[in-house]
Amino acid sequence: MTQIYSKIKEIFIESAILALNIERSIFENINFNVEKPHEEKNGEISSNISLLIQKTVKENPIEIAQKISTELLKRDEFIKVEVAKPGFINLWLSTSMWQNHLDETLKLNELIDCNIGKGLKVNVEYVSANPTGPLHVGHCRGAVFGDVISNLLKKTGHVVVKEYYINDAGSQINNLTDSVYIRYQELLGKKFSEYPENFYPGNYLIPVAEHFKIEYADKLLKMSDQDRFSLIKPFTIQYMMGLIKEDLSSLAINQDIFVSEQELVSKGKIEKAIKKLDDAGLIYEGILDPPKGKKPDDWEARPQMLFRSTEYGDDVDRPLQKSNKEWTYFANDIAYHFDKFERGSNHLIDILGADHGGYVKRMTAAVAALTDKKATFSAKLCQMVKLSRNGQQMKMSKRSGEFITLREVVDEVGSDSIRFMMLYRKNEAPLEFDFDKVTEQSKDNPVFYVQYAHARISSVIGKLSENNFDLDLSNYDQCDFSLIANKYEIDLIKKIADWNKVIESAASLQEPHRIAYFLYELSSVFHSLWSQGKIDSNLKFIMPDNKNLTYARIGLLDLTQRTIKSGLDLLGVSAPHEMN
RNA sequence: GCGCCCGUAGCUCAGGGGAUAGAGCAACUGCCUUCUAAGCAGUGGGUCCGAGGUUCGAUUCCUCGCGGGCGCACCA
């Protein structure tokens, strides 16, 4: 038994059945709580079971609670049971319950035991930045979020594909190619007094132009536009993706698959997906109403090929073709999501910036329509990151090319800090990233607090040899955990016992910030216990005259450290053995 | 106008049908001859935006407001 809460929940059910002479089946639709109350006077474990079953049982909840309590008291797991005000049942566990939890958990190879996925195949698409330059800070939240969601889903029984969609078929790629050619011409001595409106001004295109100068000297000038274009474009895309992959790997992100939009187009995937919608009667020629907000200046009513997304909950039907009969971005994206499904995924997750929120309904509709609802789609929107330094808001200007790159931030504050801070907020909440706080005043950064706890434990274990203790830390069979009885120690075990509940809620709600917060809290309980050793030397971990007690306490530390490590691993943050 | 997200301590934010709503920062007070003080213990600080509704119970769920962010054919 590793999950103390689920064990106790089962005991509640058994006791209720005995006490009230009811059928087990009534609990199929009643999900009562078994949880740690806020306040200690309300017990170590509390349940609202009688409040929730009062309607079914048709008795006063206090009376129900008293009957269940009588049964509970017969069990030796509990030393005290109380019924409180409206009908709560509050329990106090025998210390041995917690000691056993420590003992049993320590013997597990894998601390996380949660299989909510049951083998469900999930595709997580994240970052998918246009390959027009290096990643900037704005990309890093979605990058980290997507990465950790993937880790979390994998750990909880899902089969996960981590994916990046390369938007290499749109007009911005043409602009990029033109920009490289301009840089190339500059290298050959031509002066531009003014750049075209769609020019990509970043210096990162100059090395690309240099490549062409070295390889081809001035031959590109004499080529036809067509030939030159088809020479520059693929190389540039490949080069940009190289930059992007380096950026990602600096943040410890490595996706499994990179899918090219251009390739989907050339393979005819778009026509295939559209045909499927057409066969289902979901496509028609029509004229959309003008947008209700600000009407575009160049608005004109025109017939277009439309997808009947309103059949699947969207607000309006969506265009699939532009007026020049080219496919819209949405049409390509429909084909791309269908491709994910055909490759075997049954749940598709897109990690998007909040500015793409308007996209969610139409894609949900498209996935439902294309897969006969055999696959589901969900978008996780990350709100914007506000950067500040010295209390000043840092503005980003993409047009001037003066944006802060992801790499600059990694170089300054490090991957661990960025990853942790990006996860220390709920994804729907805006995030304030203060350079001063994550660098100079490092104590304000929770990642150090958690890593410090991990390192401190290594430090204690390292001191064992100085005391000539020969303890087997790979096997605690000979360890007597009944010696772990101090309140601060039991508090630590209780906190550790929450770990699987945290994993389960983080995974099912797809809210990885819960892990970061848990790690902070666990670290806090540990630091508190540590400090007790400074106040009362009988509470130090290493007791030179008491090997058995030391062994048991080291066992507790070992489990604490492994729990922290398993959490940091999920977050992709390192677990150092010493701080420096 | 419509859609999505947000509104909780001075600041940044967790939480969430449950009992007296939490953390960090900032302010104030203690604790290093000791396993790392990047730490610990303590004090002060709240109309959980507002109004209704559902409920034994709402800060949490629903509706309607108010305030803020984002988005709203033929861009990606």
Side-chain angles (χ1 to χ4, degrees), chain A residues 33 35 37-39 41-42 46 48 51-52 54-55 60-61 84-88 90 128 130 132 167 169-173 261 287-296 298-302 304 306 314-326 328-330 332-333 353-361 379 381 383-384 424-432 434 437 441-446 448-449 451-453 455-464 466-467 513-514 516-517 520-521 523-524 526-535 537 540-543 553 557 578-579:
Chain A
N33 289 336
E35 59 188 11
H38 299 300
E39 294 185 55
K41 70 162 186 161
N42 292 327
S46 172
N48 60 355
L51 291 161
L52 295 192
Q54 60 170 306
K55 280 184 201 124
N60 180 308
K85 289 179 233 166
F88 292 108
N90 299 330
S128 296
N130 291 337
T132 55
N167 294 126
S171 58
Q172 83 284 1
I173 291 297
E261 180 182 10
I287 298 174
L288 289 173
D289 293 333
K292 288 289 195 295
K294 47 193 172 193
K295 192 172 175 178
D298 58 346
W299 162 262
E300 56 179 85
R302 67 170 75 89
Q304 284 177 301
L306 301 175
D314 199 1
D315 305 318
V316 290
D317 293 337
R318 302 291 174 176
L320 297 171
Q321 275 185 342
K322 305 177 194 175
S323 50
N324 63 8
K325 296 294 176 187
E326 281 178 20
T328 60
Y329 177 84
F330 178 51
N332 286 6
D333 218 15
D355 52 342
H356 288 71
Y359 205 65
V360 176
K361 279 188 183 178
L381 302 178
Q383 286 292 331
M384 300 305 164
Y424 208 56
R425 291 285 170 264
K426 205 163 39 176
N427 60 297
E428 297 101 341
L431 188 150
E432 199 151 297
D434 187 332
K437 283 193 175 166
Q441 298 170 282
S442 61
K443 64 174 180 176
D444 290 352
N445 186 342
F448 286 95
Y449 186 82
Q451 289 179 318
Y452 184 38
R456 268 185 153 176
I457 291 172
S458 291
S459 173
V460 176
I461 291 173
K463 294 275 181 202
L464 282 175
E466 291 177 17
N467 291 277
H513 71 281
R514 289 168 184 269
Y517 276 90
Y520 189 89
E521 291 163 11
S523 300
S524 174
F526 162 74
H527 285 308
S528 180
L529 171 59
W530 174 290
S531 299
Q532 288 308 308
K534 289 200 174 290
I535 295 163
S537 60
K540 296 183 75 162
F541 301 116
I542 297 176
M543 304 296 288
R553 286 180 175 170
L557 288 193
E578 56 187 60
M579 306 298 282

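The sequence lines fix the lettering, A, B, ..., with proteins before strands; numbering per chain opens at 1. Atoms considered below: every heavy atom in the structure, side chains included; atoms not considered: hydrogens, waters and symmetry mates. Computed from a prediction, not measured in an experiment: that's the story for all the values here.
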At under 4.0 Å between heavy atoms, what does [X] touch on the DNA or RNA strands: base, sugar-phosphate, or nothing?
{"X": "E578(A)", "answer": "base"}
{"X": "K463(A)", "answer": "sugar-phosphate"}
{"X": "S528(A)", "answer": "sugar-phosphate"}
{"X": "E326(A)", "answer": "nothing"}
{"X": "P430(A)", "answer": "sugar-phosphate"}
{"X": "A455(A)", "answer": "base"}

Counting side-chain heavy atoms from CB outward, which of [options] is closest to [X]?
{"X": "F541(A)", "options": "A73(B), C13(B), C35(B)", "answer": "C35(B)"}
{"X": "S524(A)", "options": "C40(B), A76(B), U34(B)", "answer": "C40(B)"}
{"X": "E428(A)", "options": "A23(B), A76(B), C6(B)", "answer": "C6(B)"}
{"X": "N167(A)", "options": "A76(B), C35(B), C13(B)", "answer": "A76(B)"}
{"X": "F448(A)", "options": "A38(B), A41(B), C56(B)", "answer": "A38(B)"}
{"X": "S531(A)", "options": "G39(B), C5(B), C35(B)", "answer": "G39(B)"}
{"X": "M579(A)", "options": "C5(B), A38(B), C74(B)", "answer": "A38(B)"}
{"X": "P319(A)", "options": "A76(B), A73(B), G39(B)", "answer": "A73(B)"}
{"X": "W299(A)", "options": "G39(B), A76(B), A73(B)", "answer": "A73(B)"}

Using Watson-Crick or G-U wobble geometry with both distances under 3.5 Å, which nucleotide pairs with [N]?
{"N": "A21(B)", "result": "none"}
{"N": "G67(B)", "result": "C6(B)"}
{"N": "A41(B)", "result": "U29(B)"}

Would you say [X] places a side-chain N or O within less than 4.0 Å of OP1 or OP2 belonging to [N]?
{"X": "K55(A)", "N": "U55(B)", "value": "no"}
{"X": "R456(A)", "N": "A37(B)", "value": "yes"}
{"X": "K426(A)", "N": "C13(B)", "value": "no"}
{"X": "Y359(A)", "N": "C75(B)", "value": "no"}
{"X": "H527(A)", "N": "A38(B)", "value": "no"}

Report the distance from atom [atom1] of [X] to atom [atom2] of [N], rounded to the nearest whole Å.
{"X": "D355(A)", "N": "C75(B)", "atom1": "CG", "atom2": "C1'", "result": "12 Å"}
{"X": "Y449(A)", "N": "C25(B)", "atom1": "OH", "atom2": "P", "result": "9 Å"}
{"X": "H356(A)", "N": "C75(B)", "atom1": "NE2", "atom2": "P", "result": "15 Å"}
{"X": "L288(A)", "N": "C2(B)", "atom1": "CG", "atom2": "C1'", "result": "15 Å"}
{"X": "Q321(A)", "N": "A76(B)", "atom1": "CD", "atom2": "P", "result": "13 Å"}
{"X": "I542(A)", "N": "U34(B)", "atom1": "CD1", "atom2": "C1'", "result": "12 Å"}
{"X": "D315(A)", "N": "A73(B)", "atom1": "CG", "atom2": "P", "result": "12 Å"}
{"X": "Q532(A)", "N": "C31(B)", "atom1": "CD", "atom2": "C1'", "result": "12 Å"}

Practice task
Kindly assign one of parallel, tilted or perpendicular to the pair Y359(A) and F330(A), based on the angle between their ring planes and the thresholds 30° and 60°.
Solution key: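 It falls in the perpendicular class, over 60°.
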
Practice task
Assign the ring pair Y424(A) / Y520(A) to parallel, tilted or perpendicular, where the plane angle (0 to 90°) is split at 30° and 60°.
Solution key: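 Tilted, since the angle between the ring planes falls between 30° and 60°.
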
Handout entry: Atom CD of E428(A) with >12 non-hydrogen neighbours under 6.0 angstrom
Key =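 Counting neighbours around CD of E428(A), more than 12 heavy atoms of other residues, nucleotides or ligands fall under 6.0 Å, so yes.
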
Practice task
Do nucleotides 17-22 of chain B as a string where each nucleotide becomes B, S or -: B if the base has a protein heavy atom under 4.0 Å, S if just the sugar-phosphate does, - if no protein is that close.
Solution key: -BBB--

Handout entry: Where L381(A) and G353(A) come nearest, the two heavy atoms and their spacing
Key =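 Here L381(A) and G353(A) meet closest at CD2-O, 3.8 Å.
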
Practice task
Please state whether the base of C13(B) and the side chain of R425(A) form at least one donor-acceptor pair under 3.5 Å?
Solution key: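 A donor-acceptor contact between them is absent.
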
Problem - Any N/O donor-acceptor pair, R514(A) side-chain to A14(B) base, under 3.5 Å - result: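 Looking at the base of A14(B), it does not pair with any donor or acceptor on the side chain of R514(A) (distance under 3.5 Å).
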
